[in-house]
Amino acid sequence: MKRCILAAGLAFLIIAVIGCSFAERQKAFDRPRIFGATYMTRNNPFFDVLNDALAQVVEGNGDILISRDPCQDQEKQNGQILEMIDEGIEVLFLNPVDWELVRPALAACKEAGVVVINIDTVVKDREYVTSIIETDNYQAGVLCAQDMMKRVDEANIVVIDCPWQASISNRVRGFMDTLDGNDRYRVVYTGTGHGEFEVSAKVMQEVMEAGVSFNVVLGGNDPTALGALATLQQNRREEGVLIYGIDGSPDFKAMLKLGYVTGTSAQSPETIGRVAAEIAYDYLNGEEVPEYLGIEPYMITGENLDQYEVNGWQ
């Protein structure tokens, strides 16, 4: 008789659990949720800090965060996302390599019922994502342009961008729009630095070898600007050149303290990661979440550097 009662109770539990949502089934069996994260690269410390902020929230809730580095290869990133789906992720924090070519992975997430939280760099096909959290990248470019215009009455500008990374392209667009209609500020060279130090250093070497005359460099992020600086210093050409980055990284602020660079439009990877994780939990708990959340950047220059911690992120 006892055996029959136990069997009936177990059957009832199994039926009840099968009828629940995925999240409820995990809770019923007291299993941690699995979150995935993938970034365009881990060759930029910005993403290490962002990942640590995500992990702090996720692991603080007793759940698991697995992360992948596709090394600037979108095909590899798509494959890694499929692997994480097979590993049972419920939420994906996505920073795409290419804002367009990531679409197959987005479609796979939708088919698998994986929630996509898009961070730092916006995807083109927004209908596949639940929420977007990023710095207002357009405004970051505007701030750099405004600071430059305060410092020099005219400029020949080298821009090192990365067209397939929406974050960088939006920064460049903000910069360019601010200069629009003012003939005293001219872009004389545009190159693609992939958002990385080494590639950007090579781009700047190409500028030097082409004999281009310039007095301002805009890097799409801090590693880009620092790569340009390295080449300028090797060629003893840094004197009189304004160099702008976008990030507010410790490395850039250290160079700013030494007077080698001009300014950076700063963002906070810690804030982006923490807010993204909190939004993911809000959504899983049935709460309404924003489709887009832009975090305001701010300008760090030699004049206000003492207000910020040089050796850390904001």
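Numbering starts at 1 and runs along the sequence shown.
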Exercise for the section: Establish, from distance only, whether the side-chain atoms of Tyr281 and Asp63 form a donor-acceptor pair under 3.5 Å. Expected result: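 Checked: Tyr281/Asp63 side chains pair up, N/O donor to acceptor below 3.5 Å.
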Exercise for the section: Using only heavy-atom distances, determine whether the side chains of Gln80 and Glu83 contain a donor-acceptor pair under 3.5 Å. Expected result: no
Handout entry: Aromatic centroids of Tyr138 and Phe175 separated by under 6.0 Å
Key =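 No; Tyr138 has its ring centre 6.0 Å or more from that of Phe175.
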Let me confirm one number: the [atom1]-[atom2] distance from [X] to [Y], rounded to the nearest 0.5 Å.
X: Thr135; Y: Arg171; atom1: OG1; atom2: CZ; value: 7.0 Å
X: Met149; Y: Glu154; atom1: CE; atom2: CD; value: 12.0 Å
X: Ser265; Y: Tyr244; atom1: OG; atom2: OH; value: 11.0 Å
X: Gln233; Y: Leu226; atom1: CD; atom2: CG; value: 9.5 Å
X: Thr224; Y: Leu229; atom1: OG1; atom2: CG; value: 12.5 Å

Taking every non-hydrogen atom, the tightest pair across [X] and [Y]:
X: Ser249; Y: Trp313; value: CB-CH2, 3.4 Å
X: Asn95; Y: Met40; value: OD1-N, 2.9 Å
X: Val172; Y: Asp161; value: CG2-CB, 3.6 Å

Problem - same_hphob_cluster(Tyr189, Val187) at 4.5 Å side-chain heavy-atom cutoff - result: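 In one cluster: no.
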Handout entry: More than 12 heavy atoms from other groups under 6.0 Å of CD on Gln56
Key =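 12 or below, so no.
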Practice task
Please check if atom OH in Tyr260 has more than 12 non-hydrogen atoms from other residues, nucleotides or ligands closer than 6.0 Å.
Solution key: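 For Tyr260, atom OH is not crowded (no more than 12 foreign heavy atoms under 6.0 Å).
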Practice task
Could you check whether the rings of Phe35 and Phe93 sit parallel, tilted or perpendicular, using 30° and 60° as the cut-offs?
Solution key: parallel
Handout entry: Working for side-chain hydrogen bond (donor to acceptor under 3.5 Å, both in side chains), residues Tyr292 and Glu134
Key = CA-CA 8 Å; Tyr292 177 87; Glu134 66 166 358; 2.7 Å; yes
Problem - SB check Lys150 Glu303 (cutoff 4.0 Å) - result: no
Handout entry: Glu87 and Arg68: CA distance, side-chain angles, deciding distance, salt bridge (charged side-chain N to carboxylate O under 4.0 Å, His left out) verdict
Key = CA-CA 13 Å; Glu87 291 180 59; Arg68 297 287 184 270; 2.7 Å; yes
